[in-house]
Amino acid sequence: MSTHIDDRSAAQRNKGPIFAALKPWLADAAEVLEVGAGDATHARHAVECMPGVRWQTSEAPAHHRRLVAAITDAADIGLPAPLALDVRGEWPDRSFDAVYGANVAHIMDWAAVQALFAGAAAHLTDRGVLCLYGPFLIADEAPAAGNAAFDAALRARDAGMGLREVGALDDLADAQELSRVADIPMPSDNRLLIWSSTPLRSTIG
Ligand SMILES: C[S@@+](CC[C@H](N)C(=O)[O-])C[C@H]1O[C@@H](n2cnc3c(N)ncnc32)[C@H](O)[C@@H]1O
């Protein structure tokens with residue numbers, strides 16, 4: 001698994017392409033919840049390029065202090081105070097136009113991934129979107145060498161971790177009445193996957 005330092009440099013590298021692809025999907029969004037926000041690199045970028053969006057960061061309780069320390073200037077840059085949120089626990093008692101997570105699905109165990117989809121579905125507004133960025137697998141397709149090695153390293157470290165198959169995530173989404181509306185290829189064999197609470201929403205990208 002990446003170290004926090006690696007996560008930070010990767011997040012600096014990937015924030016531009018991610019938000020270029022994500023922005024059209026958040027054009028009408030007022031409230032976004034980011035899960036597993038890490039050191040808030042993406043959140044800082046989000047408020048710069050989408051100043052009208054209230055970007056609510058969150059982290060699992062064990063890493064919440066690190067997130068808080070990374071954005072001691074939160075109020076100055078327009079970020080709400082970060083929430084301590086384990087996706088398997090209680091979610092905030094409000095709705096969001098989008099739930100966003102970068103590089104979280106392969107770190108969370110499968111029960112947490114299930115909870116992420118259930119929690120997102122329960123807290124998305126009409127026409128809300130669940131957006132996940134990261135490396136994923138496609139059934140019956142050989143993964144890129146880097147993704148295969150990363151998957152093996154994750155599983156060796158913790159059997160609960162590992163790259164997720166897009167089809168398996170679609171099944172979780174279906175069970176929560178979310179429909180996938182985009183699968184956007186991103187640099188370095190990553191993808192941006194988007195599911196909507198409204199099946200009729202047209203596909204962008
Ligand atoms: C690889 S880091 C990604 C950090 C950041 N999003 C990025 O792209 O740089 C994965 C994150 O998922 C979070 N995470 C793991 N399990 C979680 C859970 N059950 N609920 C919420 N967050 C979780 C971890 O705390 C960690 O910050």
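Worth saying up front: this structure is predicted, and the values here are computed from it rather than measured. In each ligand, atom 1 is the first atom listed, and ligand 1 is the first ligand listed.
- For ligand 1, the atoms closer than 4.0 angstrom to any heavy atom of Ala102 are 3 (C), 5 (C), 6 (N), 7 (C), 8 (O).
- Between Gly36 and ligand 1, at least one pair of N/O atoms sits closer than 3.5 Å.
- Considering both main-chain and side-chain atoms, Val35 never comes within under 3.5 Å of ligand 1 through any nitrogen or oxygen pair.
- Side-chain contact check for Asn14 and His42: at least one donor-acceptor pair (N or O, by modelled atom type) lies under 3.5 Å.
- Counting heavy atoms from C-beta on, the side chains of Phe19 and Met50 come closer than 4.5 Å.
- The shortest side-chain heavy-atom distance between Ser196 and Leu130 does not fall under the 4.5 Å cut-off.
- Atoms of ligand 1 found under 4.0 Å from any heavy atom of Val104, numbered from 1 in the order shown, are 12 (O).
- Every atom of ligand 1 is numbered from 1 in the order shown, and the set under 4.0 Å from a heavy atom of Leu85 is 20 (N), 21 (C).
- Using a 4.5 Å cut-off on side-chain heavy atoms (C-beta onward), Asp86 and Trp91 make no contact.
- At a threshold of 4.0 Å, the pair Arg44-Asp73 counts as salt-bridged, since one of the basic side-chain nitrogens sits closer than that to a carboxylate oxygen.
- Between the side chains of Asp39 and Thr41, at least one donor-acceptor pair of N or O atoms lies under 3.5 Å.
- Taking all heavy atoms of His63, Glu59, Arg88, Arg66 into account, the minimum distance to atom 13 (C) of ligand 1 is reached by Glu59.
- Counting heavy atoms under 4.0 Å from ligand 1, residue Ile107 touches it through the side chain alone.
- Remark: ligand 1 and Asp86 share an N or O pair separated by less than 3.5 Å (distance only, no angle test).
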